[in-house]
Asks: 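Got a structure for you, written out below as structure tokens; questions coming shortly.
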Amino acid sequence: MNNIRIAPSLLAADFGNLQRDVEMVNSSQADWHHIDVMDGVFVPNISFGMPVIKSIAGNATKPLDVHLMIIDPDRYIKSFASLGANILTVHYEACPHLNRTIQAIKAEGMKAGVALNPHTNIKLLEDSIAEIDLVCVMSVNPGYGGQKFIENTYGKVRALKALINEKKANTLIEIDGGVNADNAKALVEAGADVLVAGSFVFNSQDPMATISHIANIANA
Ligand code: DX5
Ligand code: ZN
């Protein structure tokens, strides 16, 4: 049995019933709560900010996997640490001093993640992979839930896995965007360790059963 983690993305939750949806994730087979923060600048969309994350954190019982789609994320590292983020992921494309940003995240006691847009080559992480706890491979263009999975992701994940092995790093590979029961197994076979799923979970008839379904496929 593998240990593939499932991280439902609360971006697709019902914000009018946010506590209910966070509690559903608590009781489910999911491993993490995936929290998407968008600033309307790095990505065209705005999601939610600190008060909403505080409320999620107050109800969540599993690790908070916070994905920052914002420019200049260094400004908020301490705020996310005090909100209770366990993993803080920044975008490669938003960080001119990535090494400094990674060190600052770790200094606050969080795991450091780096997300790559679909056009960003994994080779750019050659000199930093040993420092990175998680790479989030974007399998859609960030900004919205419910988009179509980009097929080029498989090759990218295989190349990233080879780089991680070559450098003897302990980095986890997370896939974010368009993940569902049809591509979950192939993603795990390519090297994925964490699957984020938003609309596939929350738009289903029975989100808790859908989480079990994808977790069972991923870990079969
Ligand atoms: C996209 C976000 C994703 C999104 C995934 O910018 O980073 O986490 O919520 O949603 P689905 O699973 O619907 O593609
Ligand atoms: Zn995300």
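Each ligand, and each atom within it, is numbered from 1 in the order the structure gives. Since the model is a prediction, treat every value here as computed from it, not as a measurement. The figures that follow rest on heavy atoms only: side chains count, while hydrogens, waters and symmetry mates do not.
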Asks: Do any heavy atoms of Phe149 fall under 4.0 Å from ligand 1?
Replies: no

Asks: Is there side-chain contact between Pro8 and Ile211, with heavy atoms separated by less than 4.5 Å?
Replies: yes

Asks: For Gly145, does its backbone N or O pair with a side-chain atom of Asp36 as donor and acceptor, under 3.5 Å?
Replies: no

Asks: Centroid separation under 6.0 Å, is that true for the rings of Phe149 and Phe200?
Replies: no

Asks: Which atom, counting only N, O or S, brings Asp176 closest to the Zn ion (ligand 2)?
Replies: OD2

Asks: Looking only at protein heavy atoms, which one is nearest to atom 5 (C) of ligand 1, and what is the separation?
Replies: Asp176 OD1, 3.6 Å

Asks: Any N or O of Gly143 that comes nearer than 3.5 Å to an N or O of ligand 1?
Replies: yes

Asks: Given Leu88, which of Val37, Thr101, Ile105, Ile102 fulfils the side-chain contact (heavy atoms from CB on, under 4.5 Å) condition?
Replies: Ile105

Asks: Are more than 12 heavy atoms, taken from residues, nucleotides or ligands other than Tyr154, located less than 6.0 Å from that residue's OH atom?
Replies: yes

Asks: Is the ring pair His91/Phe42 parallel, tilted or perpendicular, if the boundaries are 30 and 60 degrees?
Replies: tilted

Asks: Could you list which atoms of ligand 1 come closer than 4.0 Å to a heavy atom of His34?
Replies: 8 (O)

Asks: For Gly177, counting its heavy atoms only, list the atoms of ligand 1 lying under 4.0 Å from any of them.
Replies: 14 (O)

Asks: Could you list the atoms of ligand 1 found under 4.0 angstrom from a heavy atom of His67?
Replies: 7 (O)

Asks: For the Zn ion (ligand 2), what is the closest N, O or S atom on His67?
Replies: ND1

Asks: Any idea which atoms of ligand 1 are less than 4.0 Å away from a heavy-atom of Ala197?
Replies: 12 (O)

Asks: Going by the atom numbers of ligand 1, which of them fall below 4.0 Å from some non-hydrogen atom of Gly146?
Replies: 11 (P), 13 (O), 14 (O)

Asks: Find out whether Leu172 and Asp133 are in side-chain contact, i.e. whether some heavy atom of one side chain is under 4.5 Å from a heavy atom of the other.
Replies: no

Asks: Among the N, O or S atoms that Asp36 has, which is closest to the Zn ion (ligand 2)?
Replies: OD1

Asks: Quick check on contacts: which atoms of ligand 1 are under 4.0 angstrom from a heavy atom of Met38?
Replies: 6 (O)

Asks: Just to verify, which of Asp21, Asp65, Asn26 counts as forming a side-chain hydrogen bond (donor to acceptor under 3.5 Å, both in side chains) with His33?
Replies: Asn26

Asks: With a cut-off of 4.0 Å, which atoms of ligand 1 are near a heavy atom of Pro142?
Replies: 6 (O)

Asks: Is a donor on one side and an acceptor on the other found under 3.5 Å between the side chain of Lys167 and the backbone of Ile129?
Replies: no

Asks: Please tell me if the side chains of Pro73 and Cys95 come closer than 4.5 Å, counting only heavy atoms from C-beta onward.
Replies: yes

Asks: For atom 4 (C) of ligand 1, tell me which residue out of Leu10, Val37, Asp36 has the closest non-hydrogen atom.
Replies: Asp36

Asks: So if I count the atoms of ligand 1 from 1 in the order they appear, which ones are less than 4.0 Å from some heavy atom of Ser199?
Replies: 11 (P), 12 (O), 13 (O)

Asks: Starting from atom 1 (C) of ligand 1, locate the nearest protein heavy atom and write down its residue, its atom name and how far away it is, to 0.1 Å.
Replies: Tyr144 O, 3.5 Å

Asks: Is the shortest side-chain heavy-atom distance between Trp32 and Leu64 below 4.5 Å?
Replies: no

Asks: Among all protein heavy atoms, pick the one closest to atom 9 (O) of ligand 1 and tell me residue, atom and distance.
Replies: Ser9 OG, 2.8 Å

Asks: Which residue and atom name correspond to the protein heavy atom nearest atom 12 (O) of ligand 1, and how close is it?
Replies: Gly198 N, 2.8 Å

Asks: Quick one: nearest non-hydrogen protein atom to atom 14 (O) of ligand 1, plus distance?
Replies: Gly178 N, 2.8 Å

Asks: Can Arg20 and Asp14 be said to form a salt bridge (charged side-chain N to carboxylate O under 4.0 Å, His left out), step by step?
Replies: CA-CA 9 Å; Arg20 179 199 68 190; Asp14 175 358; 3.7 Å; yes

Asks: Distance to 0.1 Å, residue and atom name: give those for the protein heavy atom nearest to atom 10 (O) of ligand 1.
Replies: Gly145 CA, 3.6 Å

Asks: Begin with the C-alpha distance, continue with both residues' side-chain angles, and end with the deciding distance and a verdict on side-chain contact (heavy atoms from CB on, under 4.5 Å) for Ile175 and Met138.
Replies: CA-CA 6 Å; Ile175 316 296; Met138 292 306 305; over 6 Å; no

Asks: Is it the case that ligand 1 has an N or O less than 3.5 angstrom from some N or O of Phe200?
Replies: no

